[in-house]
Amino acid sequence: MRSLIQVALDVPIAAHFDYFAGEGTLKPGDWVWVPWGKGQRLGLVLAVDTSPQWDLDRIREILAPAKALEPIDKASLSFWQQVADYYHCGLGELLLASLPKLLRTSQSPQAALGKAWQRWMASRPAQAMAPWHRSQLHSQQAEALDKLSALTQGFAPVLLHGITGSGKTAVYLSYISLLIERDASAQVLLLVPEIGLTPQLAKTLESTLPPKSIAILHSGLADNLRAAVWSAASRGELRLIVGTRSAIFVPMPHLAAIIVDEEHDASYKQWESVRYQARDLAVWRAQQRQIPVILGSATPSMESWHAAERGRYRRLSLSERANLLPPPEIELVDMRKIRQAAAGLAPRSRELIASLLQEKAQVLLFLNRRGFAPLLQCSACAWLSPCLACSAYQVLHRQASGFQLICHHCGLRAKVPKFCPQCGNSDLSPQGRGTQKLEEELQAIFPQARIARLDRDSSQGKRLAQTLAAIHEGAIDLVVGTQMLAKGHDWARLQAVVVLEADNGLFAADYRATERLFANLMQVAGRAGRSHQAFVQAPRVLIQTAHPEHPLFADVRSHDFHAHAAKLLDERKTLGLPPFRHHVVIRAQAKQADAVFEFLEAAKQWFEQWLLAQGSSALPLLRCYDPVPMNLARIDHWHRAQLLLEAGDRPLLHRCLSDFKADPYRQQRRVASLHWYFDVDPQDI
Ligand code: ADP
Ligand code: ZN
Ligand code: ZN
């Protein structure tokens, strides 16, 4: 007797595919190998019909059950199905894409897994554990730990709002230790934005938790090892998994708590294929498992802050620094009055840097723009190094081989022209300043200083680790960098921060730009003065701006997250923006601009008709805006535009999206090269 089974695959064209399976005991949640075209694919069984009413020749037989993967239990399966429905993707697209490649591609990975696992075990330090003791925590940390420790039953979402340097990590660690003490089989998931940027975290974890019980999933991990860690966790074997956003999918049967560090960080949102938000998934997963989830940040997202204000999340606060010293003094430097600014530095900034260099303290210079200069300009006409494939400019970079123009959006490279391509003039000059140029200029002003640059160009893999280690050891005096500097670093000698060109983002069209700017400023400022090191000068942050009167800076200066968040939330409430209303954008791209707009215009009409059909009570609940070009209207020759749907009612919105997806209308409208997708809860609109 054959059964007919529905299998989810990692292909976007359908939610499931039908296969026959012979005698056996397949059930929903099992993994199977199935034929696909001429090859084979891993699939997830969604449903089994043991007495199919029909038999079709074109339905193929599965190849084999996939024994190497732990089946997904019924409750988890229905949970992930709900998540897939929320993002309007298939369950296969959601779950299979996150699996390590070895598990996704090999029918019998056991040998490779076993080897990788042994190698991993052998490589981990076996030192005795020295867990954080409650007695080592200062009073606010201990209080937070006690409140966490009291959450013994059920779903408990907690927002841990701790200012920069307040010692959130020690709270996480002592809480994890406590959970493991209570139940030796407990598993904890710790999500972090980017592991490569905080190598100390790994060390701290391994020295405070039981040896060989912590696995860190980072992008540099060999796939065999990633697969081995994944399998071990899904068998319940590891106590702590630390990872970036995709670690939210690691199956952990004894999951006891989830922690999301720096929960405001934009990297929790996936930017391609299924556009999920790992922080939201963490909360939903904790709810499904009925366990605590801790969201930690000095600058929480407005979504989480709002939930805490409404009492949906419990808020725990750390308002003091762990070193019990006051936070750094923040000064605004008015750039309007400054004529001469070598390296873009006001005299005040330059003097501060010089005096701190004397003291052998470190200074951080934050300039959120990589490359040498953002543009090359012709002095005679209006030519400004455009990218031929995008509606953006090519950025001037200094490479080992000389200068080059590079587009930051499509990667297109070009030689630096000798003459203006438009008018033939030979006087072309770089405009503005990126981190490469700043580094060079600083070296000229402070020839003795040891300078390191931290940005995506300078910092990958081994080199990044080396740079971070040098900064940590104090072998670097000045650190120049982009927003990589804003992420969780804890450098003892760092005593001052200078922020250049803070004004980018003050007047941006994207409503989240000020939230990001505020968070970035608070985070970089928070890197200064984190240890007990006795420097003559108190920790200090200089923000260079041409708009010192802007209210955002007043809140930054007073370290007043509460006041700033209240203003942002007020504004969003008035304007009907998230988290008060919900957004979904439909983004489309095609080689012809007309096709994109034609598609979106038609989509808009479809939405309006759909809404009319729901009756008049639905009208105020859903709104469809006009199609508009995206911020970057063209990337790599693709024209891009979007349509915003805004709703006060999520179920209505999601019903609308499902109906749209299911409507054959969109098939007819398809231009050969047109692609479109939903972005649910977009981060940028
Ligand atoms: P946050 O993540 O909140 O910005 P960290 O967890 O990085 O802060 O801690 C800041 C610094 O304070 C670290 O160097 C950490 O080792 C130290 N620290 C944390 N808690 C304590 C404590 N109870 N006593 C002494 N130092 C502490
Ligand atoms: Zn010209
Ligand atoms: Zn380009």
Side-chain angles (χ1 to χ4, degrees), residues 132-145 160-175 190 192-193 197-198 200-201 203-205 207-208 259-265 294 296-300 316-325 327-328 376-395 405-414 417-429 472 486-494 522-533 632-638 640:
W132 268 96
H133 270 293
R134 197 181 166 287
S135 61
Q136 289 166 281
L137 299 176
H138 64 68
S139 61
Q140 288 192 335
Q141 287 171 314
E143 201 178 309
L145 176 66
L160 177 64
H161 177 226
I163 65 164
T164 54
S166 59
K168 293 183 283 294
T169 315
V171 175
Y172 305 148
L173 277 171
S174 44
Y175 180 55
L190 170 59
V192 295
L197 288 175
T198 46
Q200 295 138 264
L201 176 68
K203 284 204 190 112
T204 316
L205 291 171
S207 63
T208 50
I259 301 170
V260 185
D261 189 25
E262 310 291 1
E263 67 92 34
H264 65 279
D265 198 279
I294 303 167
S297 175
T299 51
L316 302 180
S317 300
L318 305 175
S319 60
E320 282 175 0
R321 286 198 147 194
N323 59 13
L324 303 177
L325 297 173
L376 192 65
Q377 186 180 40
C378 166
S379 65
C381 75
W383 187 83
L384 289 171
S385 61
C387 174
L388 299 177
C390 305
S391 48
Y393 298 107
Q394 282 189 311
V395 176
L405 288 166
I406 304 177
C407 174
H408 283 188
H409 304 285
C410 72
L412 188 70
R413 286 160 186 258
K418 289 210 165 53
F419 304 98
C420 171
Q422 201 162 276
C423 75
N425 169 30
S426 66
D427 181 19
L428 303 176
S429 56
H472 196 65
K487 307 213 177 196
H489 307 288
D490 189 40
W491 297 321
R493 302 196 68 81
L494 201 131
M522 296 285 278
Q523 293 288 348
V524 271
R527 301 309 114 204
R530 289 164 72 89
S531 82
H532 285 290
Q533 299 246 12
L632 273 160
R634 194 169 60 110
I635 290 186
D636 197 13
H637 302 288
W638 289 88
R640 301 147 26 100

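Order of listing sets the numbers, starting from 1, for every ligand and every atom in it. Start at 1 with the first residue, then count along the sequence.
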Ligand-residue contact atoms, ligand 1 with Leu137, heavy atoms, under 4.0 Å: 23 (N)
Residue, atom name and distance, where the atom is the protein heavy atom closest to atom 4 (O) of ligand 1: Gly165 N, 2.7 Å
Within a strict 4.5 Å, meaning less than it, do heavy atoms of the Leu160 and Tyr172 side chains meet? yes
Hey, which atoms in ligand 1 end up nearer than 4.0 Å to a heavy atom of His138? 23 (N)
For atom 9 (O) of ligand 1, find the nearest protein heavy atom and state the residue, atom name and distance (0.1 Å precision). Gly167 CA, 3.4 Å
Please report the shortest heavy-atom distance between Ser391 and Leu632, naming the atom on each side. O-CD2, 3.2 Å
How far is atom 7 (O) of ligand 1 from its nearest protein heavy atom, and which residue and atom is that? Arg530 NH2, 2.9 Å
Roughly, to 10 degrees, what angle do Cys410 atom SG and Cys390 atom SG form around the Zn ion (ligand 3)? 100°
What residue and heavy atom of the protein are closest to atom 18 (N) of ligand 1, and at what distance? Ala322 CB, 3.5 Å
Under 3.5 Å, side chain of Gln422 to main-chain N/O of Cys381, donor-acceptor pair present? no
Separation between CD of Gln140 and CG of Leu316, rounded to the nearest 0.5 Å: 11.0 Å
Can you measure from CD1 (Ile163) to OG (Ser297) and round to the nearest 0.5 angstrom? 12.0 Å
Tell me if a side-chain donor or acceptor on Glu262 pairs with a main-chain N or O of Lys487 at a distance below 3.5 Å. no
If you scan protein heavy atoms around atom 14 (O) of ligand 1, the nearest is Asp490 OD2, 2.4 Å
Would Val171 count as a contact residue for ligand 1, given that I'm defining contact as a non-hydrogen atom of the residue lying under 4.0 Å from a ligand atom? no
Heavy-atom nearest neighbour in the protein, as seen from atom 20 (N) of ligand 1, with distance rounded to 0.1 Å: Gln141 NE2, 2.9 Å
Donor-acceptor contact present, side-chain Ser385 to main-chain Gln394, <3.5 Å: yes
Examine the proximity of ligand 1 to Ile163 and report which part, side chain or backbone, both or neither, has a heavy atom under 4.0 Å away. backbone
Measuring from atom CD1 of Ile406 to atom SG of Cys387, what distance do you get when rounded to the nearest 0.5 angstrom? 11.5 Å
With rounding to 10 degrees, what does the angle Cys420:SG / the Zn ion (ligand 2) / Cys378:SG come to? 110°
When you check the gap from the basic side-chain N to the acidic O, do Lys168 and Asp261 get nearer than 4.0 Å? no
Give the residue and atom name of whichever protein heavy atom lies nearest to atom 6 (O) of ligand 1, and the separation in Å to one decimal. Thr169 OG1, 2.8 Å
Can you find a heavy atom in the side chain of Ser379 that is under 4.5 Å from one in the side chain of Asn425? yes
Could you check atom 24 (N) of ligand 1 against the protein and tell me its nearest heavy-atom contact, residue, atom and distance included? Gln136 O, 3.9 Å
Output the distance between atom CZ (Arg134) and atom CD (Glu143), rounded to the nearest 0.5 Å. 9.5 Å
Under 4.0 Å from a heavy atom of Thr164: give me the atoms of ligand 1 that qualify, with their elements. 4 (O)
Which angle, to the nearest 10 degrees, do you find at the Zn ion (ligand 2) between SG in Cys381 and SG in Cys423? 110°
Determine whether any heavy atom of Gly162 lies closer than 4.0 Å to an atom of ligand 1. no
Of all the atoms in Cys387, is at least one N, O or S atom closer to the Zn ion (ligand 3) than 2.8 Å? yes
